[in-house]
Amino acid sequence: MSVGTEIAYGDSLVPDVYWEQYLNHNWDRKIVTEETDKFPQLVLQSETEQRPHKVSFFVDKAKASQVIEVLEKRLVERGLDIKIIYSGGIALDVLPRGAGKGQALTYLIEKFDGKVPVNTLVCGDSGNDAELFSVSGVFGVMVRNAQEELLQWHASNAKNNQKILHASERCAAGIIQAIGHFGLGPCISLRDELDSPEYSTQCLNPGFEVVNLYLACEKWQRGEVEKSEEFVQNLKSKFHPSGVFVHASGVEKSLNECLDELEKSYGHMQGCRFRVWVDRVSSAQIGSDTWLVKFDKWELSGKECRCYLTTVLLNLKPEGFTWMHVHQTWMNGSTLETETVWLF
């Protein structure tokens, strides 16, 4: 994070203190601010952009080169070992010499036994991403909407590198394109992949089990599948007869009741801006045939977006998973007056 000046791990964002200690070498933030205060051309960015090892400014593109040259000289004269990164035609960051996205990635590779990365893809759209593409052994993608300074760097430094792709797609679509181009993994979402959105009973991965079921429910409500008894029975076969659903409002229903409501809702979101998706899926096997799956379940309906922290208890049988219990709580302060609008 923060142009490679911070590394953190896990959902709790535990900082890498060894990386921080490394960056402290010949770095003094107070001296940086003292010297940068002497340049009226530099406009300090918001407080949220200022970090212990990153001091960030805006500067006009026409003035940037001269400011960088003089500022770097003055900071070196005061005993600092720094680098200045200019990107986006306006953003200027002062960092320790050892910082940067490329150095942070190299540090991680060395930390994890120094193994050459096999399936590492770096992605960028601006000048401060250039260092990433210089890390040995990685694949890289510059998205279609990449800024001019990154394209110029590529033309001058890595034009013949076959491991770097200039995508024809923008933003995240460019990253997905690169995953397919380099053969790094699936390059199409499950939603797009399911031309025939029949619910699979062969899935033995608890994460995919959750994703596939919610996609099936979304397509049913959008009227994108044929209205058939077979489709409904296929869904019902996945739920235990005594399975329970606890809605975020506190209302408790049987899973079969929820499926009855879903059956009546066929096509009621047809032509509407309606999507269902899950995020941050994690699963743990808590018994020989029992799995606990946790995830954020999102629903978009019109302009309303709701998120539930959802926990599902699954039982694995030879024919696939059986849903035993579903429990939801509101996320992000979300609330809803009627619990029947948002299905499990």
Decide yes or no for [X] and [Y]: does some side-chain heavy atom of the first lie under 4.5 Å from some side-chain heavy atom of the second?
X: T311; Y: V293; answer: no
X: P96; Y: H25; answer: no
X: N26; Y: R97; answer: no
X: L314; Y: E209; answer: yes
X: L235; Y: L262; answer: yes
X: K253; Y: E261; answer: yes
X: Y214; Y: F295; answer: yes
X: W298; Y: M331; answer: no

Are [X] and [Y] connected in the hydrophobic side-chain network, where two residues link if heavy atoms are under 4.5 Å apart?
X: Y86; Y: L44; answer: yes
X: L213; Y: L316; answer: yes
X: L75; Y: I68; answer: yes
X: Y18; Y: F112; answer: yes
X: L132; Y: L150; answer: yes

Spacing of [atom1] belonging to [X] relative to [atom2] belonging to [Y], to within rounding of 0.5 Å:
X: K54; Y: S2; atom1: NZ; atom2: OG; value: 5.5 Å
X: C307; Y: Q328; atom1: SG; atom2: CD; value: 9.5 Å
X: L23; Y: T5; atom1: CG; atom2: OG1; value: 7.0 Å
X: T310; Y: D296; atom1: OG1; atom2: CG; value: 7.5 Å
X: S87; Y: W153; atom1: OG; atom2: CH2; value: 14.5 Å
X: R306; Y: L300; atom1: CZ; atom2: CG; value: 10.5 Å

Where do [X] and [Y] come nearest, in terms of heavy atoms and distance?
X: F133; Y: C123; result: CZ-C, 4.3 Å
X: P206; Y: S283; result: CG-OG, 3.6 Å
X: T322; Y: H240; result: CG2-N, 3.5 Å
X: K227; Y: W220; result: CG-CH2, 3.9 Å
X: W19; Y: E6; result: NE1-N, 3.9 Å
X: A62; Y: D60; result: N-OD2, 3.0 Å

Checklist entry - Does a side chain donor of either N128 or K101 reach within less than 3.5 Å of an acceptor in the other side chain? => result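 Yes.
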Item to check | Side chains of S168 and Q177, donor plus acceptor under 3.5 Å | outcome: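 Present: a donor and an acceptor within the cut-off.
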Checklist entry - When you look at H247 and W330, which way does the ring-ring contact (aromatic ring centres under 6.0 Å, His included) test go after all the steps? => result CA-CA 9 Å; H247 187 269; W330 292 118; 5.8 Å; yes
Item to check | Derivation and outcome, side chain to side chain contact (heavy atoms under 4.5 Å, CB included), residues Q103 and Y22 | outcome: CA-CA 11 Å; Q103 284 90 333; Y22 169 73; 5.8 Å; no
Next on the checklist: Would V55 and Q50 count as a side chain to side chain contact (heavy atoms under 4.5 Å, CB included) here? Give the steps.
Outcome noted: CA-CA 5 Å; V55 188; Q50 310 304 326; 3.8 Å; yes
Salt-bridge test for [X] and [Y]: reply yes if a basic N is under 4.0 Å from a carboxylate O, no otherwise.
X: R170; Y: D125; result: no
X: E131; Y: K83; result: yes
X: K38; Y: E35; result: yes
X: D16; Y: K111; result: yes

Donor-acceptor under 3.5 Å ([X] side chain, [Y] main chain):
X: D37; Y: E34; answer: no
X: E257; Y: S254; answer: yes
X: T290; Y: I286; answer: no
X: E149; Y: G88; answer: yes
X: S301; Y: E304; answer: no
X: R222; Y: R275; answer: no

Could you tell me how the ring of [X] sits relative to the ring of [Y]: parallel (under 30°), tilted (30 to 60°) or perpendicular (over 60°)?
X: W323; Y: F239; answer: tilted
X: F182; Y: F139; answer: tilted
X: H53; Y: W27; answer: tilted

[atom1] of [X]: more than 12 outside heavy atoms within 6.0 angstrom?
X: E77; atom1: CD; result: yes
X: E148; atom1: CD; result: yes
X: E226; atom1: CD; result: no

Checklist entry - Step by step, would you call E229 with E263 a side chain to side chain contact (heavy atoms under 4.5 Å, CB included)? => result CA-CA 9 Å; E229 184 63 24; E263 185 176 2; 3.9 Å; yes
Next on the checklist: Among I84, D93, L42, which residue satisfies the side chain to side chain contact (heavy atoms under 4.5 Å, CB included) criterion with F57?
Outcome noted: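 Considering I84, D93, L42, a side chain to side chain contact (heavy atoms under 4.5 Å, CB included) with F57 is found only for L42.
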Item to check | Pair T120-I109, side chain to side chain contact (heavy atoms under 4.5 Å, CB included): steps then yes or no | outcome: CA-CA 10 Å; T120 300; I109 292 170; 5.8 Å; no
